Protein chains: 2
Amino acid sequence: MVEQARAQTEAAPDFRPLYAQVRDLILRRVVQGVWRPGEALPSEQRLAEEFGVSQGTVRKALDAMAAQNQVVREQGRGTFVATHRDQRAQFHFLHVLPDLGGKQMPVSRVLSIRPATANREEARRLGCRLGDAVTRLLRLRTIEGKPVILERIVVPTALMPDFDLPIGRETPEELYAIYERRYGVVVARAEEVLKAVTADRTDARHLGVVFAAPLLQVDRIARNLDGITVEWRLSRCDTRNHHYSSVIE
Amino acid sequence: MVEQARAQTEAAPDFRPLYAQVRDLILRRVVQGVWRPGEALPSEQRLAEEFGVSQGTVRKALDAMAAQNQVVREQGRGTFVATHRDQRAQFHFLHVLPDLGGKQMPVSRVLSIRPATANREEARRLGCRLGDAVTRLLRLRTIEGKPVILERIVVPTALMPDFDLPIGRETPEELYAIYERRYGVVVARAEEVLKAVTADRTDARHLGVVFAAPLLQVDRIARNLDGITVEWRLSRCDTRNHHYSSVIE
DNA sequence: CAGTGGTCTAGACCACTTA
DNA sequence: AAGTGGTCTAGACCACTGA
């Protein structure tokens, strides 16, 4: 197995546990698009034969991946590459919910979308160079008819060329599902920084709050399976009737 | 094993996987204080013999518990009941951090502490009856010398009788470590609801912000291993130079 | 029915800690 | 050296899915 790993990854002996090596080999193939989101992986037995390890070792690798939402396992059916086009994943990155009433997907409308070049802050946050091509997006999300979240989104053109969306109309698909379908870019992880801020004129107009009203700001960096930054998103939320939900366990 | 489980839990056949039954048996003993926080559990082999299952099944149960931070496993040493008196656990429930500069434990000072009876809201949040005895606590936390978090904390007297703390002085120990040491109450899980609010007079005075300044409010319900609510905490944070950090993966 | 993942077992060897 | 958890294997049987 170590030999096989070497053959595929370029020398460099690897003394980590076999299951960790197997996990990374599978992950690499997912990143390369050998198996696309939503598709089935080969069975544990086939993977074990291919990698020259026991089925139990493959199982441990896949269980670890399932724990990180990288694959989904279904008894009797198989193991599938995680996808945002899937009910399961819909709410994983959505933490803003109504105070009363259950989970419900917000309705999203694009206010503006246009190509630009990364300013200093965008370059820093996206990990690209100053002046690199990006797409800037302003989006309003409403929950149960009420405007709740105003989002300023920046994506690097290098990863998502010619990114465009219809303006004004309801966007039928989740943004991360669109990244995935159009570009094969899979958001696997996000880091969020939350602060309380005051509404500026733009916030106030779109969210229907008074100027300087308190808003919850969510600053999110989204990364793919490789850890590459694929989006910077700055959301401002009216939390009078909604909240950000977090569980620690 | 199913028979043994029955013998210990009172009839009721259990068709769940063995490892899940083993996990719950171990969890119950931890809740009952058979093994106290920080203490070592018997080895996998001993537990396997006692429960009449294989070592692999006990391992799967303990691995699942370790994944939920209920136990800590150390190669060559043993498996230990999780404790808040432990560097590892210190930051698990602390999500408010300085924007610049690494993690650092806040300094906590009690402003007031007094017994009371649960009002309607407290009873609802704590899951106790209106008028039940509680202890109310007002606490200020400073990070790098700056006041950052003002906390209103309510704990049920039923779980933590005669709860008291010195006022004004720096509290040397974490509150959850105190719950654990004094009462054997282990906080295992918390649900947080975040909103942006405006500072009232009390907030403004203690946090050094102007009246109506935007603050991040963190409303937390803390539960023990059994899911019993052990604390309601309403924190208001000045997020001008600090933030609430959240990772989604 | 064949094929998949889920559970459970038994045993081997390794890495690490403690004495 | 003895005891612990960590890794890896092999094989059995079960529960579930879909043709």
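Note that this is a predicted model, so its numbers are computed, not measured. Computed over heavy atoms, backbone and side chain alike; hydrogens, waters and symmetry mates excluded. Every chain is numbered from 1, with letters handed out A, B, ... down the list of sequences.
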Rounded off to whole Å, could you give me the [atom1]-to-[atom2] distance for the [X] and [N] pair?
| X | N | atom1 | atom2 | result |
| --- | --- | --- | --- | --- |
| B/Leu18 | D/dA15 | CG | P | 13 Å |
| A/Phe80 | C/dG3 | CZ | C1' | 12 Å |
| A/Glu44 | D/dC14 | CD | C1' | 14 Å |
| B/Arg23 | C/dC8 | CZ | P | 12 Å |
| B/Gln45 | C/dA12 | CD | C1' | 14 Å |
| B/Leu41 | D/dG5 | CG | P | 9 Å |
| B/Phe15 | D/dC14 | CZ | P | 15 Å |
| B/Gln55 | D/dC8 | CD | P | 16 Å |

Open item on the list: For the backbone of B/Asp226 and the side chain of B/Asn224, can you confirm whether one donor and one acceptor N or O come within less than 3.5 Å of each other?
Closed with: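 Such a contact is found between B/Asn224 side chain and B/Asp226 backbone.
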
Checking contacts here: which listed nucleotide ([options]) is nearest the side-chain heavy atoms of [X]?
| X | options | result |
| --- | --- | --- |
| B/Asp63 | D/dG6, D/dT4, C/dT7 | D/dG6 |
| A/Thr57 | C/dT9, D/dC8, C/dG5 | D/dC8 |
| A/Gln75 | D/dC16, D/dC8, C/dC8 | D/dC16 |
| A/Arg59 | C/dC8, C/dT7, D/dT9 | C/dT7 |
| B/Thr79 | C/dC8, D/dG5, D/dC8 | D/dG5 |
| B/Val53 | C/dT9, D/dT9, D/dG18 | C/dT9 |

TODO: Could you pick out which residue, A/Ala20 or A/Arg77, lies toward the 5' side of DNA chain D when each is mapped onto its nearest nucleotide?
DONE: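 It is A/Ala20 whose nearest nucleotide is closer to the 5' end.
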
Open item on the list: With a 4.0 Å limit, can you tell me whether B/Lys60 has a side-chain N or O closer than that to the phosphate oxygens OP1/OP2 of C/dC8?
Closed with: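 No.
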
- [ ] Indicate whether OP1 or OP2 belonging to D/dC8 is found under 4.0 Å from a side-chain N or O atom of A/Tyr19.
- [x]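 Negative; the distance criterion is not met.
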
Open item on the list: Assuming nearest nucleotide by heavy-atom distance, tell me which of B/Ser54 and A/Arg73 is located more 5' along DNA chain C.
Closed with: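 Nearest-nucleotide comparison on DNA chain C picks A/Arg73.
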
Taking side chain as C-beta onward, heavy atoms only, is [X] less than 4.5 Å from [Y]?
| X | Y | answer |
| --- | --- | --- |
| A/His95 | A/Val218 | no |
| A/Glu192 | B/Tyr244 | no |
| B/Leu94 | B/Pro106 | yes |

- [ ] Taking the six-membered ring for Trp and the full ring for Phe, Tyr or His, determine whether the centres of B/Phe93 and B/His84 are under 6.0 Å apart.
- [x]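 Yes, they do, as the ring centres are separated by less than 6.0 Å.
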
TODO: Give one of base, sugar-phosphate or nothing for A/Glu74, where a contact means two heavy atoms less than 4.0 Å apart.
DONE: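 Result for A/Glu74 = sugar-phosphate.
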
